[in-house]
Structures are given as C-alpha cells and as structure tokens.
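Heads up: the structure comes next, in structure tokens.
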Amino acid sequence: MRAEHGKIEGPFAIEEDTALYGTIAGDATLHRGIRFILHGTIAGNLTIETGARAIIHGTVAGRIYNEGGRVEIFGIADAVANGSRDAITIIDPAAHVRGRP
C-alpha cells in the first residue's frame with residue numbers, strides 16, 4: 001500500500017492501494033478493486049466504485065457516493081449516498097456524518 005503525505009490537485013483517480021495522510025484539493029474517485037485509507041482530507045466529493053473499499057478516519061468535506069463498494073466511516077463526511085444495492089456503508093457511532101443514508 002502506497003502512503004501519500006502531500007497535496008494532490010483534484011479531480012484525482014485513486015488507482016492503487018493508498019493511505020492518504022495529506023490532502024486532495026477537489027474530488028476523488030476510488031476505482032474498482034482498490035483499497036483506500038484516509039487519514040487526511042478530501043476537499044470535495046469521494047466516489048467509491050463497485051468492489052472498492054474505503055476506510056475514512058479523516059475528513060471528506062463533500063459527499064461520499066458509494067456506487068457498490070464498502071465504506072467504513074470513523075471520521076467526518078458531509079453526507080453519504082448509496083447508489084447501488086451492493087453498496088455497504090458502515091458509520092461508526094462516533095463519526096460525524098450530516099446526511100446519513
């Protein structure tokens with residue numbers, strides 16, 4: 001798994017297993033079959049494709065669009081939208097999500 005500590009200009013496609021400790025300035029898309037751990041910040045929206053897995057400890061300033069992956073939220077997100085029956089979204093009781101699915 002690659003660790004990223006810097007600032008990335010969005011929109012950004014996450015195409016390999018990544019742990020982000022930095023910032024994505026804009027939207028991000030997590031591609032099919034990829035694992036992603038967020039400790040930093042995504043300043044826009046995050047889209048999760050089918051078969052992808054995201055663990056959110058940091059902040060997604062916008063909405064998380066789960067299109068059929070698995071998302072576990074322990075941090076902060078503006079809202080979550082499940083766009084598929086295959087979408088799995090787990091929100092920890094201590095997480096801060098304004099718009100829950």
(message) Once rounded to the nearest 0.5 Å, what's the spacing between atom OG1 of T23 and atom CD of E9?
(response) 10.0 Å
(message) Keeping D92 on the side-chain end and A94 on the backbone end, is there a donor-acceptor pair under 3.5 Å?
(response) yes
(request) Group every Ile, Leu, Val, Met, Phe, Trp and Tyr by side-chain heavy-atom contacts under 4.5 Å, then state whether I48 and F74 land in the same group. (result) no
(message) So I88 and V71, do their side chains get closer than 4.5 Å, heavy atoms only?
(response) no
(request) First locate atom OH of Y21, then atom NE2 of H57, and finally report the distance between them rounded to the nearest 0.5 Å. (result) 9.0 Å
(message) Using the rule that Ile, Leu, Val, Met, Phe, Trp and Tyr join whenever any side-chain heavy atoms are under 4.5 Å apart, tell me whether Y65 and I42 fall into a single cluster.
(response) no
(message) How long is the straight-line distance from CD1 of I73 back to CD1 of I91, given to the nearest 0.5 Å?
(response) 4.5 Å
(request) Rounded to the nearest 0.5 Å, what's the gap from CZ on F12 to CG on L20? Could you check? (result) 8.5 Å
(message) Can you give me the closest heavy-atom contact between A28 and I24, atom names plus distance?
(response) CB-CD1, 3.9 Å
(message) Treating E67 as the side-chain partner and E49 as the backbone partner, does any N or O pair qualify as donor plus acceptor under 3.5 Å?
(response) no
(message) According to a hydrophobic-cluster definition based on side-chain heavy atoms being under 4.5 Å apart (Ile, Leu, Val, Met, Phe, Trp, Tyr only), do V97 and I56 belong together?
(response) yes
(message) Under 4.5 Å between side-chain heavy atoms, counting indirect links through other Ile/Leu/Val/Met/Phe/Trp/Tyr residues: same cluster for I55 and I64 or not?
(response) no
(request) Search all heavy atoms of A54 against all heavy atoms of L30 and return the closest pair with its distance. (result) CB-CD2, 3.9 Å
(request) Can you measure from CZ (F36) to CD (E16) and round to the nearest 0.5 angstrom? (result) 11.5 Å
(message) Is there a side-chain contact between V60 and L38 in this structure, where contact means two heavy atoms from C-beta onward sitting under 4.5 Å apart?
(response) yes
(request) Could you tell me which non-hydrogen atom of A43 sits nearest to which non-hydrogen atom of A61, and how far apart they are? (result) O-CB, 3.5 Å
(message) Using only atom types and a distance under 3.5 Å, with no angle test, would you say the side chain of D17 pairs donor to acceptor with the backbone of I34?
(response) no
(request) Return the minimal non-hydrogen interatomic distance between A52 and H31, and the atom names on each side. (result) CB-O, 3.4 Å
(request) Using atom types as modelled and distance alone, determine if a side-chain donor or acceptor of D78 lies under 3.5 Å from a backbone N or O of R63. (result) no
(message) Please report the interatomic distance OG1(T18) to CD(E4), rounded to the nearest 0.5 Å.
(response) 7.5 Å
(message) Just so I know, are the side chains of R53 and E72 near enough to count as touching, which here means a heavy-atom distance under 4.5 Å?
(response) yes
